[in-house]
Asks: 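A single structure is presented below for examination.
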There are 2 protein chains.
Amino acid sequence: MTSTLKTFMEEQLPIIESHMYEFVEDLTAPTSLKEAMLYSLKAGGKRVRPLFVIAVMEYLNNPTKAGYTVGAAVEMIHTYSLIHDDLPSMDNDDFRRGKPTNHKVFGEAAAILAGDALNTLPFGILARLEDVSAEQKVELIRLLSETAGAEGMVGGQVLDIEGEKRQLTLDELVRVHENKTGAILRFSIEAGAILAGATQEQRNLFVEYAYHIGLAFQIKDDILDIEGTTEELGKTAGKDVASEKSTYPALLTLDGAKEKLAEHATKAHACLEKIPSNSKYLADLTDYIINRNK
Amino acid sequence: MTSTLKTFMEEQLPIIESHMYEFVEDLTAPTSLKEAMLYSLKAGGKRVRPLFVIAVMEYLNNPTKAGYTVGAAVEMIHTYSLIHDDLPSMDNDDFRRGKPTNHKVFGEAAAILAGDALNTLPFGILARLEDVSAEQKVELIRLLSETAGAEGMVGGQVLDIEGEKRQLTLDELVRVHENKTGAILRFSIEAGAILAGATQEQRNLFVEYAYHIGLAFQIKDDILDIEGTTEELGKTAGKDVASEKSTYPALLTLDGAKEKLAEHATKAHACLEKIPSNSKYLADLTDYIINRNK
């Protein structure tokens with residue numbers, strides 16, 4: 001990670017996080033529900049999605065407070081999806097980022113409901129955005145509903161579960177990841193572009209960029225499952241191979257997957273280069289996604 | 001049920017339902033996910049929430065197509081909550097309206113995801129409403145997020161689960177139902193008022209009306225659990241008494257609950273009488289809620 005990106009993240013992360021916790025702390029809701037919601041929000045993670053919202057706005061030289069709010073909203077959607085994915089009837093994971101999963105601490109019913117509440121809240125947060133036009137709010141909400149729901153993340157999770165039963169083709173695998181992880185990443189990037197007042201041409205380039213960085217993100221995850229250690233990852237390494245899961249290395253060999261990763265990285269950078277900017281954060285964040293070791 | 005209400009429902013229900021199914025059928029999403037979503041949407045029910053949206057708009061003499069769209073959105077939220085409530089870790093119900101519950105047919109993982117998708121979709125539907133201003137859409141989305149989430153329906157479900165472990169006071173019971181079932185009913189009624197261009201004074205009266213009809217609805221449910229039969233209800237009668245659940249009859253005696261029901265009915269009608277109208281549907285729907293036998 002470059003020192004400028006490190007400084008950027010160290011500056012931004014506390015703001016994103018405190019903003020996000022505040023939305024939940026301020027709710028007039030049962031204490032136990034707020035506790036379960038906050039437990040998973042506070043369980044950490046790289047906060048990649050909010051960072052993308054803000055880095056894109058910086059890239060367009062138009063960062064505003066709304067970026068933090070939209071970042072908090074998208075991180076809540078991501079967190080709800082993790083809570084539900086970890087449930088016994090889904091991936092049945094006991095640990096996430098080295099901590100017991102939500103249902104291990106609060107029980108299954110509470111975990112399902114904490115996830116539900118974290119799915120619903122972001123839409124209200126977007127509707128209450130300050131200094132953003134009603135038209136832009138509607139556009140952001142439409143986009144979040146599409147990318148988070150049946151046509152995006154939830155649909156991708158369904159394809160992923162169905163894919164576990166058989167060997168997927170590369171096209172099928174791409175489709176799983178375009179939806180399961182790519183869609184919400186795309187939302188983050190496109191939302192940043194919308195908030196910063198991007199032209200339609202710039203927005204199209206950001207969507208293309210999002211496609212490549214989304215797949216790069218997932219290929220890197222698959223590679224780390226093989227090359228990373230359980231300690232570094234905070235989750236069980238080698239789980240994909242053990243479960244014979246369809247992954248990029250399984251379909252392309254480890255070297256083939258690394259080549260594919262490099263290809264998407266090059267294409268992602270090429271999109272950015274077509275949008276002139278003085279900010280380096282987004283390019284650095286792109287490299288970080290590709291080179292990270294956890 | 002009056003013959004005018006019967007005609008109204010027979011005219012409106014097919015429009016509401018076909019509109020709602022179309023939103024799901026049109027999704028570019030995995031077939032299995034759409035099937036699971038449609039299964040529960042098609043499992044029937046009284047469609048009380050969409051009927052309220054439309055009846056309120058009729059009451060204000062301003063029915064539009066948007067009422068059906070908002071009705072579809074709110075019925076999806078209601079349906080997702082039923083799918084999740086029925087799960088083994090929640091109420092563990094095998095049957096709903098005489099049909100196997102979603103997870104009994106599709107499995108738990110698919111049921112959770114179908115519920116999640118039905119939680120997310122309505123916000124996109126509201127964002128895409130036609131012939132409604134961006135400001136009104138934002139207002140509807142804010143209201144739906146509040147009433148469906150931690151501060152409303154989901155919070156009420158948490159209170160309900162926690163309340164099962166002990167005897168609730170009447171105030172506590174009212175708070176459970178204000179949130180668990182009342183909040184979404186309030187959304188339906190307030191949304192109808194917003195769409196029909198109600199004045200703030202009218203809107204306040206409708207919110208007060210919603211409070212009373214919401215509690216009346218729940219008290220009637222509790223009474224039916226004692227007086228109804230399993231055949232009529234399409235669910236196991238007498239379950240509340242068997243599980244020693246806190247209910248209005250349990251706290252107030254059956255006669256006391258009936259008195260309370262009549263009290264809320266009178267107050268609900270009093271609110272409506274302060275808003276002059278030529279339409280009888282809403283008053284008839286109010287009586288139907290109170291007098292229904294299932």
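The chains referred to below are lettered A, B, ... by the order of the sequence lines, with proteins before strands, and numbering in each begins at 1. None of the values given here were measured: they were computed from a predicted structure.
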Asks: Any ring pair (Phe, Tyr, Trp, His ring centres under 6.0 Å) involving residues 131-156 of chain B? Give me the pairs, sequence neighbours left out, ordered by first then second residue.
Replies: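 Every pair satisfying ring pair (Phe, Tyr, Trp, His ring centres under 6.0 Å) with a residue in residues 131-156 of chain B: there are none.
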Asks: Between A/Pro30 and B/Gly155, what is the shortest heavy-atom contact and its length?
Replies: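 Distance-wise, the nearest heavy atoms are CG-O, 3.5 Å.
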Asks: Looking at CG of B/Leu140 and CD1 of A/Ile141, how far apart are the two atoms once the value is rounded to the nearest 0.5 Å?
Replies: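 Rounded to the nearest 0.5 Å, the CG-CD1 separation comes out at 10.5 Å.
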Asks: Contact part of A/Ile77 toward chain B, heavy-atom cut-off under 4.5 Å: side chain, backbone, both or neither?
Replies: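 Contact with chain B: none, neither part.
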Asks: Chain A: which of B/Ala150, B/Gly156, B/Gly152 shares the most heavy-atom pairs with it under 4.5 Å?
Replies: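 Greatest number of close heavy-atom pairs with chain A: B/Ala150.
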Asks: Considering only heavy atoms, which portion of A/Met153 lies under 4.5 Å from any heavy atom of chain B: side chain, backbone, both, or neither?
Replies: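 Looking at A/Met153, nothing touches chain B.
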Asks: Can you tell which of A/Ala134, A/Ala36, A/Ala127, A/Ala29 has the highest number of heavy-atom pairs within less than 4.5 Å of chain B?
Replies: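 The option with the most such pairs is A/Ala134.
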Asks: Please state whether the side chain, the backbone, both or neither of B/Leu118 comes within less than 4.5 Å of a heavy atom of chain A.
Replies: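 Neither part; nothing is under 4.5 Å.
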Asks: Could you pull out every donor-acceptor pair under 3.5 Å between chain B and chain A?
Replies:
{"from": "B/Thr28", "atom 1": "N", "to": "A/Glu151", "atom 2": "OE2", "distance (Å)": "2.8"}
{"from": "B/Ser32", "atom 1": "OG", "to": "A/Glu162", "atom 2": "OE2", "distance (Å)": "2.3"}
{"from": "B/His84", "atom 1": "ND1", "to": "A/Asp116", "atom 2": "OD1", "distance (Å)": "3.1"}
{"from": "B/His84", "atom 1": "ND1", "to": "A/Asp116", "atom 2": "OD2", "distance (Å)": "2.8"}
{"from": "B/Asp116", "atom 1": "O", "to": "A/Asn119", "atom 2": "ND2", "distance (Å)": "3.4"}
{"from": "B/Asp116", "atom 1": "OD1", "to": "A/His84", "atom 2": "ND1", "distance (Å)": "3.1"}
{"from": "B/Asp116", "atom 1": "OD2", "to": "A/His84", "atom 2": "ND1", "distance (Å)": "2.8"}
{"from": "B/Asn119", "atom 1": "OD1", "to": "A/Thr120", "atom 2": "OG1", "distance (Å)": "3.2"}
{"from": "B/Asn119", "atom 1": "ND2", "to": "A/Asp116", "atom 2": "O", "distance (Å)": "3.4"}
{"from": "B/Asn119", "atom 1": "ND2", "to": "A/Thr120", "atom 2": "OG1", "distance (Å)": "3.2"}
{"from": "B/Thr120", "atom 1": "O", "to": "A/Ser145", "atom 2": "OG", "distance (Å)": "3.0"}
{"from": "B/Thr120", "atom 1": "OG1", "to": "A/Asn119", "atom 2": "OD1", "distance (Å)": "3.2"}
{"from": "B/Thr120", "atom 1": "OG1", "to": "A/Asn119", "atom 2": "ND2", "distance (Å)": "3.2"}
{"from": "B/Gly124", "atom 1": "N", "to": "A/Ser145", "atom 2": "OG", "distance (Å)": "3.1"}
{"from": "B/Ser145", "atom 1": "OG", "to": "A/Thr120", "atom 2": "O", "distance (Å)": "2.9"}
{"from": "B/Ser145", "atom 1": "OG", "to": "A/Gly124", "atom 2": "N", "distance (Å)": "3.1"}
{"from": "B/Glu151", "atom 1": "OE2", "to": "A/Thr28", "atom 2": "N", "distance (Å)": "2.8"}
{"from": "B/Glu162", "atom 1": "OE2", "to": "A/Ser32", "atom 2": "OG", "distance (Å)": "2.3"}

Asks: Is it the backbone or the side chain of B/Ile161 that comes under 4.5 Å from a heavy atom of chain A, or both, or neither?
Replies: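 When you check distances to chain A, only side chain atoms of B/Ile161 fall under 4.5 Å.
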Asks: About how many Å separate CG of A/Leu87 and CG of B/Leu113, when rounded to the nearest 0.5 Å?
Replies: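 Reported value, rounded in 0.5 Å steps: 9.5 Å.
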